[in-house]
Each structure stands twice: as structure tokens, then as C-alpha cells.
Trainee: 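Please see the structure below; I have some questions.
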Number of protein chains: 2
Amino acid sequence: MLKYQHIADELENYIEEHKLQQGAKLPVLQDLMRQFNVSKSTVTKALELLEKKGVVFQVRGSGIFVRRHKRNGYISLLSNQGFKKMLEEFQLASKVIALDVRKPTKEAALNLNISIDDDVYYVKRIRFIHGQTLCLEESYFTKSIVTYLNKEIITESIFNYITEGLGLSIGFADTFLHVDKLTAEEAQYLELKEGDPKLYVESIFHLSNGQPFDFSKVTYNYVQSQFFIQAEL
Amino acid sequence: MLKYQHIADELENYIEEHKLQQGAKLPVLQDLMRQFNVSKSTVTKALELLEKKGVVFQVRGSGIFVRRHKRNGYISLLSNQGFKKMLEEFQLASKVIALDVRKPTKEAALNLNISIDDDVYYVKRIRFIHGQTLCLEESYFTKSIVTYLNKEIITESIFNYITEGLGLSIGFADTFLHVDKLTAEEAQYLELKEGDPKLYVESIFHLSNGQPFDFSKVTYNYVQSQFFIQAEL
DNA sequence: CATCTTAATTGTACCGGTCTAATTAATCAA
DNA sequence: TTGATTAATTAGACCGGTACAATTAAGATG
């Protein structure tokens, strides 16, 4: 494991375990350097990570402080802990409605940057959280990249399979979201009424070499979904 | 201006002007170092900025490539171009419904980390985009920080006033969002029907020293609002 | 011509340093 | 005690370097 990632983890655990409050001061850079026996730039990188995750904030001339943002029930949409963890955790309870190899829609082909003649794995499923239906999800996986899928893999963790099983490394995702009304079909799956609010999220996942491999359209139950974002100004 | 910020801007402009497509390769690190006459770490920092903004992605052993994610009508929820620009741009068309000094609600006091006896500036307004009502917004500004506000300032740019006029430096924001149904009152302001979907966004803006100074609750017209997020995995 | 091996390319981790800017603490003057 | 001045603290910008890992290109091999 990389040094700066390790340091970031250690610091985050420290904050967690000692239940440090918002504004609590962490050791200064010099001390952290000595404590972990690394150079300044390594500590700085670790802190940048934590800043991006919203765990700390730094004030020049003053110090490094704990930033508290936790709200129960909210899911972070940002770096590391964000989408990945969320997908992994919620994977646990999910019901596969469809799984087959087919030709992509024009929309999917466009987003995956493939031809409409190329094959894709199509997956449709419902995800549950706390026994409630959380969302309805449709995914298109480029078959030339994700060469094989089955029900077991989907029920476990697709992303784990892609990294561990296929040896691919996932890079980044572009996510578009807007609010709309549920169609009759969606309402049925989510056990809500037609015309009720929905949060619609479209994501394009890319390998770390920039190739898109997964185009997903997710319709969230508005009652169950709340998100958390960190903005920098 | 900082060197690495300047480099980031230059590169972004270059990509924009030359209309570089997704996957287009940029000059290698060595060349960028020479081109801008700076050290490797400075170029790297510039590229980190651009990566965070979703403008480029880097592949070790391969190069630096353009990342395209533009979608018409979507507003980025992330770094730099995100909330700040959005707030500034949409400031143009807004109608102030209320502006006064009052005591904060318990909720506002909690989020601003002040006592319910402290004064706040309360601002309620509607924002318009393309002639349509975009959102209904309620803001609480800690009066001990934002010492004075008037209608002109609000109609211009509050954030500009805070940085330029008051000499404060804005740091970061925590944003929580969920979807719900419009109340009768909200529906009236947004020219929609009660029970229609709404996107509800709560933000706490902080100075760069960590002090919260603005707690905002925004109800978006679901027809007019769509957002864009970048996730790292 | 395909396949394996090797070498060159290129971004990333990490070091250890200087100098600067913001903040905070200490000092001094009124 | 207050307020201004100065000094110490502290994070951040920036340099220039070494070593390393992933990718790509070139060469060798069958």
C-alpha cells in the first residue's frame, strides 16, 4: 500500500476512534512527518486526500482541523467512500430482473463509445436497503471489456469481479442527475405511485485508461435516497 | 496568480479553443515543464486541478488525455466551476422576497454553529434562468461575519461582496440533497402544482478558516434543474 | 506473421530542501 | 487594559532530484 494512503487511513481512523469534534486540531505537519517518518510532501498528499473526502480542512498559518459533515442517512457522492462503497454495500440486497447479451440502444452505444452492432451485457435489477426498495437500475456493460457475467457475479459485486476477476482497473465516472416524475412501470417496481417524484441518475464508468465500460441508468425511490456532496469554492 | 493555477487555465483554454476531442493527447510532462518553464511538481499540481475538474485524465506510462463530459443544460456540482460559478451566473435574474435581520431558527443556528440569540441576515428569493423560475431560496447569514447586507448587494453577487467587499475568503461547502414533493407554498412560487417533484438542496458555506457563515435551503423546479457530478473510484 | 522479450517512454511516489503568506503569540507603547 | 508592532508558528508554493510502475514501441524468436 502507498505510504500517503496509509497515512490518510491512519489519520481518519484516529479521528473516528477518538471521536474528534469539528474544529479539533490535529498535530502539525512537522509532527506528522516525524510520527510517520516520511517527508513533508507525503504528509501533504495524505492530507489532500482527506481534504477531498471532507474529513479535514487546513488553514495556512494555523493548523489542520477536523471537519464534521456526517448526517444520518446521507450517502456521500464523493471520492473513494462514495459511489464505490455505496454500490458495494447496497449490492447485498438486490434482485435481478433481466440479464442477457444484446445490442445496445443508440443512447447506450453513444455513451459507451461503441457501435450499435457491438454486444453488451444488459442488466436490470432492483436494489433494496433496510428492506425497502431503493432503486431500479439498468446497466449496459461493453462485452468486449466485461467478457462474461452471470447472476452470481451480479449478486455479489460486479466491481470487485471487474477489478479482481478480470484484472481491470476502474478509473472515474461521469454522473448526471435530475429529478422527474415516475412512469407507471417505474412506479410499480418501486412500489410508489405514477407521477411521484424520482431521482434519475445516469453514470458512465470508465477504466483508468479512459475506456467507458458501464453505462447505468438508475431511478431512485425519492423517500429512500438522500445524498451528500462536498463542494470546493 | 499562482503558477499552477495559471498553467491549468492555459491548458483548459487550449483544449477549449482547439476543440480537442475526448481522448486527444496533450504534450507529455517533460514538454509541459519546458513549455511553462516550471518544475515537474508544478505541472503535476496543475494537472491534478484539471483532473479534479474532469478536464483531463492521466494514464501512467501513456500520457495525458482530454476527458469530455459536456452535456447541454447540466450544471457541474464540483470544484471551481461548480456552485460558485452557478451562483454567480444565476444571480443575474433573481427577485428578493424578503431581507431582514432576525434570530435564526434552531436548525439554522445549529448549522451555523451559533446561538439562537445571535443575529442573522435572512434572505428569501426566487432565481430565474431563461425566463423560467429555477428555484426558491432561503439563506441565513451569520451577522457577526457578514456584517451588512442590502438589496443591491444581493441582486449583484453576495459572494463577490463577501470576498471583495468584506475581505473574507470562502473555503468550502457541505451540500445535502434529496428529492421530495412540493408544498402548496413552494408550488405557488415555482409555478408548479402541489405534490410535484422538487429537488431540495441544503448547503452550509464556510470561510477558509472553517467558520460557517451561510446556511441555504434551496428548492429547485424539477423541470429546470439538472446536475452533473464527477466521481473518482 | 504472430508471440515473446526487451528497451524506451511516461506518469507517480517520495525525498529534502527554500521561500512565502497567513495566522497566532509575544512584546512593547500609550 | 487596549492597541499596535514584532516575532514565532504553520501550511502552501515551488524546485530539482531519484526510484518505480505501467504502458507502448522495438526487436528478436519461432
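When reading the values below, keep in mind they use all heavy atoms of this one structure, side chains included, and skip hydrogens, waters and symmetry mates. Numbers restart at 1 for each chain; the letters A, B, ... are given by sequence-line order, proteins then strands.
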Trainee: Please compare B/Ser169 and A/Lys40 by the position of their nearest nucleotide in DNA chain C and report the one closer to 5'.
Mentor: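 Whichever sits nearer the 5' end wins; that is A/Lys40.
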
Trainee: Restricting to salt bridge (charged side-chain N to carboxylate O under 4.0 Å, His left out), what partner residues turn up for A/Lys143, sequence neighbours left out?
Mentor: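 Result, salt bridge (charged side-chain N to carboxylate O under 4.0 Å, His left out) vs A/Lys143: none returned.
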
Trainee: Take A/Ser208 and B/Tyr4, find for each the nucleotide of DNA chain D with the closest heavy atom, and name the residue whose nucleotide sits nearer the 5' end.
Mentor: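 Nearer the 5' end of the strand: B/Tyr4.
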
Trainee: Could you please spell out the steps behind the ring-ring contact (aromatic ring centres under 6.0 Å, His included) verdict for B/Phe57 and A/Phe172?
Mentor: CA-CA 9 Å; B/Phe57 65 93; A/Phe172 52 89; 5.2 Å; yes

Trainee: Show me the side-chain donor-acceptor pairs of residues 34-47 of chain B shorter than 3.5 Å, one per line, residues at least two apart or across chains.
Mentor:
| from | atom 1 | to | atom 2 | distance (Å) |
| --- | --- | --- | --- | --- |
| B/Arg34 | NH2 | B/Asp31 | OD1 | 3.3 |
| B/Ser39 | OG | B/Ser41 | OG | 3.1 |
| B/Ser39 | OG | B/Thr42 | OG1 | 3.3 |
| B/Thr44 | OG1 | B/Lys40 | O | 2.9 |

Trainee: With a strict under 4.0 Å distance from non-hydrogen atoms of chain B, what nucleotide opens and what nucleotide closes the contacted stretch of DNA chain D, reading 5' to 3'?
Mentor: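 Terminal contacting nucleotides, 5' to 3': D/dA13 to D/dT24.
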
Trainee: Heavy atoms under 4.0 Å, any strand shown: does A/Ser62 hit a base, just sugar-phosphate, or nothing?
Mentor: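 Sugar-phosphate contact only.
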
Trainee: Which residues, if any, of residues 23-38 of chain B bring a heavy atom under 4.0 Å of DNA chain D?
Mentor: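 Output list: B/Val38.
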
Trainee: Across the strands shown, which category fits A/Thr42 at heavy-atom distances under 4.0 angstrom: base, sugar-phosphate, nothing?
Mentor: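 Here A/Thr42 touches the backbone only, sparing every base.
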
Trainee: For B/Leu47, report the nucleic acid contact type (base, sugar-phosphate, nothing); a contact means any heavy atom under 4.0 Å.
Mentor: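 No contact.
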
Trainee: Have a look at B/Phe205 and tell me which of B/Tyr140, B/Phe215, B/Phe141, B/Phe159 forms a ring-ring contact (aromatic ring centres under 6.0 Å, His included) with it.
Mentor: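 When ring-ring contact (aromatic ring centres under 6.0 Å, His included) is applied between B/Phe205 and each of B/Tyr140, B/Phe215, B/Phe141, B/Phe159, only B/Phe159 qualifies.
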
Trainee: Please name all residues satisfying salt bridge (charged side-chain N to carboxylate O under 4.0 Å, His left out) with B/Glu107, sequence neighbours left out, ordered by chain then number.
Mentor: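 Counting only residues at least two positions away or on another chain, B/Glu107 forms a salt bridge (charged side-chain N to carboxylate O under 4.0 Å, His left out) with B/Lys217.
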
Trainee: Under the salt bridge (charged side-chain N to carboxylate O under 4.0 Å, His left out) test, which residues partner A/Arg60, sequence neighbours left out?
Mentor: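 In terms of salt bridge (charged side-chain N to carboxylate O under 4.0 Å, His left out), with neighbours along the sequence ignored, A/Arg60 is linked to no residue.
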
Trainee: Mind checking what makes side chain to side chain contact (heavy atoms under 4.5 Å, CB included) contact with B/Lys103, not counting sequence neighbours?
Mentor: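 So B/Lys103 forms a side chain to side chain contact (heavy atoms under 4.5 Å, CB included) with B/Asp119.
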
Trainee: Applying salt bridge (Lys or Arg N to Asp or Glu O under 4.0 Å), which residue pairs with at least one partner in residues 160-177 of chain B are found, sequence neighbours left out?
Mentor: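 Counting only pairs at least two positions apart or across chains, the salt bridge (Lys or Arg N to Asp or Glu O under 4.0 Å) contacts touching residues 160-177 of chain B are A/Arg67-B/Asp174.
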
Trainee: Report the residues that fulfil side chain to side chain donor-acceptor pair (under 3.5 Å) with B/His206, sequence neighbours left out, ordered by chain and then residue number.
Mentor: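 If we apply the side chain to side chain donor-acceptor pair (under 3.5 Å) test to B/His206, skipping adjacent residues, there are no hits.
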
Trainee: List for me each residue that meets side chain to side chain donor-acceptor pair (under 3.5 Å) alongside A/Ser208, sequence neighbours excluded, and say none if there are none.
Mentor: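 A/Ser169.
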
Trainee: Hey, which sits more toward the 5' end of DNA chain C by its nearest nucleotide, A/Val59 or A/Leu2?
Mentor: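 This one resolves to A/Leu2.
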
Trainee: How would you list, by chain and number, every residue that makes a salt bridge (charged side-chain N to carboxylate O under 4.0 Å, His left out) with A/Arg102, sequence neighbours excluded?
Mentor: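 For A/Arg102 the salt bridge (charged side-chain N to carboxylate O under 4.0 Å, His left out) partners, ignoring immediate neighbours, are A/Asp100.
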
Trainee: Which nucleotide span of DNA chain C, 5' end to 3' end, has atoms closer than 4.0 Å to non-hydrogen atoms of chain A?
Mentor: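 Listing 5' to 3', DNA chain C meets chain A from C/dA13 to C/dT24.
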
